[in-house]
Asks: 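The following block contains the structure, expressed as structure tokens.
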Amino acid sequence: KQEVTQIPAALSVPEGENLVLNCSFTDSAIYNLQWFRQDPGKGLTSLLLIQSSQREQTSGRLNASLDKSSGRSTLYIAASQPGDSATYLCAVRDAGKSTFGDGTTLTVKP
Amino acid sequence: DAGVTQSPTHLIKTRGQQVTLRCSPKSGHDTVSWYQQALGQGPQFIFQYYEEEERQRGNFPDRFSGHQFPNYSSELNVNALLLGDSALYLCASSFGTGGTEAFFGQGTRLTVV
């Protein structure tokens, strides 16, 4: 059974800092890994999708890496802004379903 | 492209009642999955529908059932509602039952009182 763990559960940083969010998973037989952002009371916003054959993906200030053999992914956020405050979820996808971690709640202080 | 659409956005029900949530997949997608997200937790997989049949199921009781229509849209039904069923219910659509990218709707917030 796939299990996904996200560390830390919560993170508070001053504006402008670079930060790394971590995601680990137990079964490396995945099709892809996806990072989402969730604002309080809202749905999921997809940030980055990494296919199992890829090592990383970049979008603006975001960079996600994937090491399938070790069951790890990281989301790097450069030059954090207060608008980045949200919960960040990672999800691994096997045949037909996604397994999510419980997220990291990020607060960026002005 | 409207993406994945869910209705209603919010719903309040009384314990013991039944509820139906609806989902329209993204254009070109034929597979719909449902997830339950309790407060402070990640979404949990409920089940997946493809070709109008339930293909996979997570660890949810039989009170949770679903349906997929010929136009690929889907319904999630929950019977005998419990207070613990209060959650955000998310629908995701994809093409086929493999590992293609899933697109998520904005969810239905169900409150059971």
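All values derive from a computational prediction rather than experimental measurement. What's counted below: heavy atoms across the whole structure, side chains too, no hydrogens, waters or symmetry copies.
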Asks: Does the ring-ring contact (aromatic ring centres under 6.0 Å, His included) test come out yes or no for B:H29 and B:Y72, once each step is laid out?
Replies: CA-CA 8 Å; B:H29 286 182; B:Y72 308 121; 9.9 Å; no

Asks: For chain A, which candidate among B:L88, B:L90, B:T9, B:T100 shows the most heavy-atom pairs at distances under 4.5 Å?
Replies: B:T100

Asks: Against chain A, label B:Q56 side chain, backbone, both or neither, depending on which of its atoms sit under 4.5 Å from a heavy atom there.
Replies: side chain

Asks: Quick one: what part of B:T31 sits under 4.5 Å from any heavy atom of chain A, side chain, backbone, both or neither?
Replies: neither

Asks: Show your working on side chain to side chain contact (heavy atoms under 4.5 Å, CB included) between B:S94 and A:R93 and close with a plain yes or no.
Replies: CA-CA 11 Å; B:S94 59; A:R93 189 154 177 84; 3.3 Å; yes

Asks: Same cluster or not: B:L39 versus B:L83, using hydrophobic residues (I, L, V, M, F, W, Y) connected whenever any side-chain heavy atoms lie under 4.5 Å apart?
Replies: no

Asks: Side-chain heavy atoms under 4.5 angstrom apart, residues restricted to Ile, Leu, Val, Met, Phe, Trp, Tyr: same cluster for A:L19 and A:Y76?
Replies: no

Asks: Are B:F45 and A:V4 grouped together when hydrophobic residues (ILVMFWY) are joined by side-chain heavy atoms under 4.5 angstrom apart?
Replies: no

Asks: With only heavy atoms counted, which part of B:Q48 is less than 4.5 Å from chain A, the side chain, the backbone, both or neither?
Replies: side chain

Asks: Where the side chain of B:Q6 meets the backbone of B:Y89, is there a donor-acceptor pair that is under 3.5 Å apart?
Replies: yes

Asks: Assert yes or no for the condition that the ring centre distance of B:Y35 to B:F104 is strictly below 6.0 Å.
Replies: yes

Asks: Between the main-chain N or O of A:L21 and the side-chain N or O of A:T74, is there a donor-acceptor pair closer than 3.5 Å?
Replies: no

Asks: Which of the residues B:G40, B:G42, B:P43, B:A92 is involved in the greatest number of heavy-atom pairs with chain A at under 4.5 angstrom?
Replies: B:P43

Asks: For the pair A:S85 (side chain) and A:V108 (backbone), establish whether a donor and an acceptor sit closer than 3.5 Å, ignoring hydrogens and angles.
Replies: yes

Asks: For chain B, which residues from residues 33-71 of chain A lie under 4.5 Å away (heavy-atom distances)?
Replies: A:Q34, A:F36, A:Q38, A:G41, A:K42, A:G43, A:L44, A:S46, A:L49

Asks: So which part of B:F47 gets closer than 4.5 Å to some heavy atom of chain A, the side chain, the backbone, both or neither?
Replies: neither

